[in-house]
J.: 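Sharing a structure here in structure tokens format.
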Amino acid sequence: MFIFLTITTIAHIATGTIAVVMGAITFAVRKGGSHHANAGRVFTITMGLSSCLGAILGLIKFDTFYITFHAGVLGMTLVISGWLLARMRNRRRYASFGAVAGVNAFNTAGLIAAGFCALTFPDQTLRGFAAADYFFLAGMAGVGVINDLVVLLRKTLTDRHRIAQHIWRMCLGFFIAAGSAFTGPGASIFPQAVRDSGILSLPELTIIVLMLFWLFRILFGKGRRVQVKQA
């Protein structure tokens, strides 16, 4: 078991690190071009693997990393649904998004239950994480459920809205990966002075700002729309 945990942890960290680098590249290069598409594919694969491995670690080491299970499930649903939206057309979205919505709904319910359970303890923590952490993830998963239903219930999904859905899902997945690397468990590799400075929060803030910029440009801009190149 020790060897399995060690290999899984190393693979989780390695794939998560690659996902962060690839996510940064997708922001930096021209949107819709071949470099964006190639980096996006690598990000999707590595983020999906890292999230899956994180979920496994959360189940095995539930005493200390239970919340990682929920974060891993959320990361997987975000990048899988984001990838699907880059490829799908109206007739092919129902079964896949029905499954994604179901997983997100169960994950949201589990996180809310864990958050309220944490509130019953004197220190308001569960498995080493505060109730606010569970509710924060529940909010993100809940946004996923709502948007999954939007995708399912719309009779037609225009390219503009399809790309917008793709953008926020991939960006939120990137946000989770960056958070794990810079303000989560990965922060331990940085000196204490760097951690105390608050600078490690900048990548997450940058991701949110850029996500809002691109969402506004896609949904309300009058210029050329970004085309998502199919994988």
Side-chain angles (χ1 to χ4, degrees), residues 18-48 50-51 74-101 103-105 107-108 136-137 139-179 201-231:
I18 295 171
V20 170
V21 174
M22 291 298 105
I25 291 174
T26 59
F27 269 134
V29 299
R30 184 174 65 86
K31 305 301 176 285
S34 60
H35 294 302
H36 176 83
N38 291 333
R41 291 189 191 102
V42 178
F43 170 78
T44 300
I45 294 169
T46 53
M47 181 63 193
S50 182
S51 297
L74 177 59
M76 283 190 290
T77 59
L78 287 171
V79 296
I80 289 172
S81 59
W83 175 77
L84 287 171
L85 281 159
R87 297 171 54 87
M88 69 170 45
R89 294 296 181 265
N90 285 307
R91 292 178 296 177
R92 297 187 292 169
R93 73 176 188 262
Y94 297 104
S96 55
F97 264 84
V100 170
V103 172
N104 272 332
N107 199 28
T108 303
F136 179 71
L137 279 178
M140 290 197 289
V143 169
V145 174
I146 293 170
N147 280 275
D148 293 339
L149 293 176
V150 168
V151 172
L152 282 169
L153 296 176
R154 288 180 69 98
K155 290 184 177 181
T156 58
L157 194 65
T158 65
D159 282 345
R160 184 180 290 256
H161 286 94
R162 181 175 61 85
I163 295 170
Q165 287 278 350
H166 165 82
I167 288 172
W168 82 258
R169 290 165 194 270
M170 289 303 196
C171 286
L172 204 56
F174 186 23
F175 176 86
I176 293 173
S201 298
L202 290 179
E204 294 167 88
L205 178 61
T206 302
I207 292 167
I208 294 301
V209 170
L210 289 173
M211 178 187 74
L212 294 175
F213 166 78
W214 281 106
L215 285 176
F216 183 86
R217 181 173 178 180
I218 292 298
L219 292 174
F220 305 107
K222 295 181 179 180
R224 182 180 61 86
R225 289 180 290 178
V226 174
Q227 298 296 318
V228 178
K229 194 170 184 177
Q230 296 185 26

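In this text, all values refer to a predicted model and were calculated from it rather than measured experimentally.
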J.: To the nearest 0.5 Å, what is the distance between NE2 (H35) and CD1 (I25)?
T.: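 The distance works out to 10.5 Å.
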
J.: To the nearest 0.5 Å, tell me how far M47 CE sits from M22 CE.
T.: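 It is 14.5 Å, given to the nearest 0.5 Å.
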
J.: Are the side chain of K31 and the backbone N or O of T26 linked by a donor-acceptor pair below 3.5 Å?
T.: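 The answer is yes, because a donor-acceptor pair under 3.5 Å joins these two groups.
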
J.: Parallel, tilted or perpendicular: which fits the ring planes of F43 and F174, with parallel below 30° and perpendicular above 60°?
T.: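 Perpendicular.
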
J.: Is the backbone of H36 close enough, under 3.5 Å, to the side chain of R30 for a donor and an acceptor to pair up by distance?
T.: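 Here the side-chain-to-backbone pair does not exist.
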
J.: Could you give me the CA-CA distance, side-chain angles and deciding distance for F97 and L85, then say whether side-chain contact (heavy atoms from CB on, under 4.5 Å) is met?
T.: CA-CA 10 Å; F97 264 84; L85 281 159; 3.6 Å; yes

J.: Looking at L152, V151, V150, which hits side-chain contact (heavy atoms from CB on, under 4.5 Å) with L157?
T.: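 With L157 as partner, side-chain contact (heavy atoms from CB on, under 4.5 Å) holds for just one option, V151.
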
J.: Tell me the closest heavy-atom pair linking R169 and G82, and the distance in Å.
T.: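 In terms of heavy atoms, the two residues are closest at CD-N, 4.0 Å.
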
J.: Quick check: closest heavy atoms across V100 and S81, and the distance to 0.1 Å?
T.: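 In this case the closest contact between V100 and S81 is CG1-CB, 4.1 Å.
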
J.: I'd like to know whether H161 forms a side-chain contact (heavy atoms from CB on, under 4.5 Å) with L219, so could you lay out the CA-CA distance, the side-chain angles of the two residues, the decisive distance to 0.1 Å, and finally the verdict.
T.: CA-CA 7 Å; H161 286 94; L219 292 174; 4.0 Å; yes

J.: Test N107 against T77 for side-chain contact (heavy atoms from CB on, under 4.5 Å), laying out the working first.
T.: CA-CA 10 Å; N107 199 28; T77 59; 5.9 Å; no

J.: Atom CH2 of W168 and atom CD of Q165: how far apart are they, to the nearest 0.5 Å?
T.: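 Interatomic distance, W168 CH2 to Q165 CD, rounded to 0.5 Å: 6.5 Å.
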
J.: Among L78, T108, N104, I176, which one satisfies side-chain contact (heavy atoms from CB on, under 4.5 Å) with M140?
T.: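 Exactly one pass, corresponding to I176.
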
